[in-house]
Amino acid sequence: MTITNRFDRAYFQERIETNRQLAEKSHNPIIRDLHLEYIRLYEHLLEAEVPA
């Protein structure tokens with residue numbers, strides 16, 4: 001088991017992909033919009049990421 005920084009770039013990319021899949025599967029427009037909002041949030045966090 002590898003332990004990494006929980007909030008590294010790979011974490012956000014994985015969350016984006018997961019939320020894309022969930023948004024595609026959702027039949028409820030409110031839930032789909034929530035998943036799309038999470039995608040926007042994670043993408044924003046990736047853009048704002050400052051190298052250590």
Side-chain angles (χ1 to χ4, degrees):
M1 181 168 133
T2 304
I3 298 174
T4 62
N5 182 355
R6 183 171 175 195
F7 300 110
D8 62 3
R9 179 170 281 280
Y11 170 84
F12 291 116
Q13 290 171 333
E14 182 180 331
R15 304 284 17 111
I16 289 169
E17 184 57 33
T18 299
N19 277 283
R20 275 198 182 110
Q21 292 171 5
L22 292 170
E24 289 175 8
K25 293 178 183 178
S26 179
H27 298 290
N28 182 327
I30 295 170
I31 301 299
R32 184 173 43 249
D33 287 345
L34 288 172
H35 288 300
L36 294 173
E37 188 60 33
Y38 274 118
I39 292 169
R40 285 188 286 274
L41 170 66
Y42 292 134
E43 287 174 341
H44 177 74
L45 290 171
L46 280 175
E47 290 172 6
E49 186 176 295
V50 177

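Note that the structure is a prediction, hence the values are computed from the model and not measured.
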query = How about Glu17 and Gln13: does a side-chain donor come under 3.5 Å of a side-chain acceptor?
reply = no
ask   = In terms of hydrophobic clusters joined by side-chain contacts under 4.5 Å, are Ile31 and Ile39 together?
value = no
ask   = Can you tell me if Ser26 uses its side chain to pair, donor with acceptor, with the backbone of Leu22 under 3.5 Å?
value = no
message = Quick check on the hydrophobic clustering: are Leu46 and Leu36 connected, directly or via other members, by side-chain heavy-atom contacts under 4.5 Å?
response = yes
key: Separation between CD of Glu24 and CZ of Arg32, rounded to the nearest 0.5 Å   = 10.5 Å
query = Mind checking whether Phe12 and Tyr42 have parallel, tilted or perpendicular rings, split at 30° and 60°?
reply = tilted
ask   = Is Arg40 paired with Glu43 through a side-chain N to carboxylate O contact shorter than 4.0 Å?
value = no
ask   = Going hydrophobic residue to hydrophobic residue with side-chain gaps under 4.5 angstrom, can you get from Leu34 over to Leu45?
value = no
ask   = Looking only at heavy atoms, which two atoms of Asn19 and His35 are closest? And how far apart?
value = OD1-ND1, 2.8 Å
